[in-house]
**Student:** 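A single structure is presented below for examination.
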Amino acid sequence: MKPLICAGNWKLFKTPEQARAFLKTFRSLISPEQESSFILFPPALCAGTMSDELKTSQLSWGLQNCHSAGEGAFTGENSGLVAKSMGAKYCLVGHSERRKIFRESNHELTLKVKFLQSIEVCPLLCVGETDEERVQGLTEQVVLEQVAQGLSAADLSRPFMLAYEPVWAIGTGKVATSDQAQEVHALIRKFLREELQVTRPISILYGGSVKPENSKSLATQKDIDGFLVGGASLEPESFFRILKEAQS
Ligand code: PGA
């Protein structure tokens with residue numbers, strides 16, 4: 001059974017009280033050995049709760065976004081440096097909602113990856129094509145360009161992770177087939193090895209309508225190392241069952 005990473009992106013859902021209640025139930029479901037398989041990305045305002053609740057836990061958490069500087073005159077932004085001081089180990093970078101709704105450019109994402117590595121918070125760079133791009137046969141080009149640009153200022157010897165999230169599969173219930181996902185994961189892996197000369201194993205997660213019902217077939221694919229889950233990570237039972245089914 002290969003080790004899997006199961007990351008939950010709560011987006012803009014949950015109050016600190018709801019986060020606390022989630023963690024209580026979730027920790028009663030998982031074994032202590034399973035804790036390190038999970039990462040949670042709560043809304044930034046729940047950071048204090050995560051920090052308090054997970055002090056003695058192997059369950060990690062991170063931000064969904066941060067600024068590319070740790071401090072400064074950046075009204076309204078989140079600081080990765082502050083989150084790190086509170087115990088955050090990861091930060092999402094370039095989620096498709098950030099790229100599309102908030103118009104984040106590849107250049108900004110490059111700076112965020114670089115900054116996060118410099119403060120020893122592991123960036124989880126998200127990439128993925130839109131429906132239109134897939135139909136036009138641009139998947140490979142778009143995805144590999146996003147990987148190349150996102151990592152263009154990174155120190156490739158330092159920790160980083162990737163998530164392939166086809167935009168058409170996010171929150172739509174339309175999951176990529178495991179073969180479709182595997183095909184892109186394999187392309188990313190080849191690109192890392194052959195173009196970027198990264199020879200150590202890098203975790204590449206799949207995201208987009210992952211549920212307990214489809215996690216097993218995705219996990220059987222050679223190049224899928226885990227999941228980035230939105231909707232199904234909001235309930236402790238379904239989030240736990242994604243890993244349980246995948247390992248069954
Ligand atoms: P979804 O979201 O699982 O609800 O499709 C995935 C994501 O946005 O990371």
Side-chain angles (χ1 to χ4, degrees), residues 4-14 18-19 22 26 37-44 46 50 59-66 78 88-104 109 112-113 116 122-134 139 142-143 146-147 150 160-178 180-182 184-185 188 203-219 221 224-246:
L4 289 168
I5 297 169
C6 213
N9 173 12
W10 288 351
K11 310 192 178 185
L12 205 50
F13 294 100
K14 291 196 192 299
Q18 289 167 337
F22 175 103
F26 190 62
S37 302
F38 291 97
I39 308 169
L40 286 165
F41 293 95
C46 291
M50 306 305 278
L59 217 165
S60 349
W61 64 278
L63 291 178
Q64 297 168 14
N65 174 42
C66 74
N78 288 319
K89 299 258 187 305
Y90 298 89
C91 185
L92 298 183
V93 178
H95 186 279
S96 65
E97 286 152 17
R98 299 295 317 170
R99 292 180 190 263
K100 182 164 176 244
I101 308 171
F102 301 99
R103 306 251 184 277
E104 285 195 14
L109 303 179
K112 289 182 188 196
V113 169
L116 286 162
C122 179
L124 172 43
L125 177 67
C126 306
V127 297
E129 82 287 5
T130 62
D131 206 5
E132 224 176 23
E133 288 162 344
R134 175 164 282 263
T139 301
V142 169
V143 167
Q146 289 175 349
V147 172
F160 69 92
M161 296 201 303
L162 296 168
Y164 168 57
E165 298 204 301
V167 180
W168 48 271
I170 296 179
T172 57
K174 239 204 254 176
V175 66
T177 64
S178 41
Q180 279 174 324
Q182 164 60 26
V184 180
H185 279 236
I188 297 174
S203 295
I204 310 176
L205 313 185
Y206 169 78
S209 298
V210 176
K211 298 185 278 287
E213 292 73 28
N214 56 31
S215 63
K216 190 173 170 64
S217 71
L218 288 163
Q221 299 294 332
I224 298 182
D225 304 311
F227 314 105
L228 179 56
V229 187
S233 72
L234 292 170
E235 294 300 327
E237 288 79 9
S238 58
F239 191 41
F240 169 59
R241 280 186 48 229
I242 286 172
L243 184 73
K244 194 173 155 210
E245 298 297 333

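Just so you know, ligand 1 is whichever comes first in the structure, and atom 1 is the first atom listed for that ligand. What you see below is based on every heavy atom in this structure, not just the backbone, and it leaves out hydrogens, waters and symmetry mates. Since the model is a prediction, treat every value here as computed from it, not as a measurement.
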**Student:** If the cut-off is 4.0 Å to any non-hydrogen atom of K11, which atoms of ligand 1 fall inside it?
**Tutor:** 2 (O), 7 (C), 8 (O)
**Student:** Could you find the nearest protein heavy atom to atom 6 (C) of ligand 1 and give me its residue, atom name and distance?
**Tutor:** G230 N, 3.5 Å
**Student:** Less than 4.5 Å apart, any side-chain heavy atom of H185 and any of Q221?
**Tutor:** no
**Student:** Just say parallel, tilted or perpendicular for the rings of F22 and W10, cut-offs at 30° and 60°.
**Tutor:** perpendicular
**Student:** State whether the shortest distance between N or O atoms of G171 and N or O atoms of ligand 1 falls below 3.5 angstrom.
**Tutor:** yes
**Student:** Would you call the rings of Y90 and F41 parallel, tilted or perpendicular, taking 30° and 60° as the class edges?
**Tutor:** perpendicular
**Student:** Is any N or O atom of S209, backbone or side chain, closer than 3.5 Å to an N or O atom of ligand 1?
**Tutor:** yes
**Student:** What I'd like to find out is whether the side chain of L125 reaches to under 4.5 Å of the side chain of Q146, using heavy atoms alone.
**Tutor:** no
**Student:** Considering only protein heavy atoms, which is closest to atom 9 (O) of ligand 1, and at what distance to one decimal place?
**Tutor:** E165 OE2, 2.7 Å
**Student:** For ligand 1, find out whether one of its N or O atoms is nearer than 3.5 Å to an N or O atom of T172.
**Tutor:** no
**Student:** Heavy-atom distances under 4.0 Å decide this one: backbone, side chain, both or neither, for I170 against ligand 1?
**Tutor:** both
**Student:** Hey, are E129 and W168 close enough side-chain-wise for a donor-acceptor pair under 3.5 Å?
**Tutor:** yes
**Student:** Report yes if some heavy atom in the side chain of M161 is under 4.5 Å from a heavy atom in the side chain of C122; otherwise report no.
**Tutor:** yes
**Student:** For the residue pair V113 and F160, establish whether any side-chain heavy-atom pair is separated by less than 4.5 Å.
**Tutor:** no
**Student:** Under 4.0 Å from a heavy atom of G208: which atoms of ligand 1 are those, numbered in the order shown and with their elements?
**Tutor:** 5 (O)
**Student:** Note the single closest protein heavy atom to atom 4 (O) of ligand 1, along with its residue, its atom name and the distance in Å.
**Tutor:** G231 N, 2.9 Å
**Student:** For ligand 1, which atoms sit closer than 4.0 Å to a heavy atom of A169?
**Tutor:** 5 (O)
**Student:** Show me which atoms of ligand 1 lie under 4.0 Å from any heavy atom of H95.
**Tutor:** 7 (C), 8 (O), 9 (O)
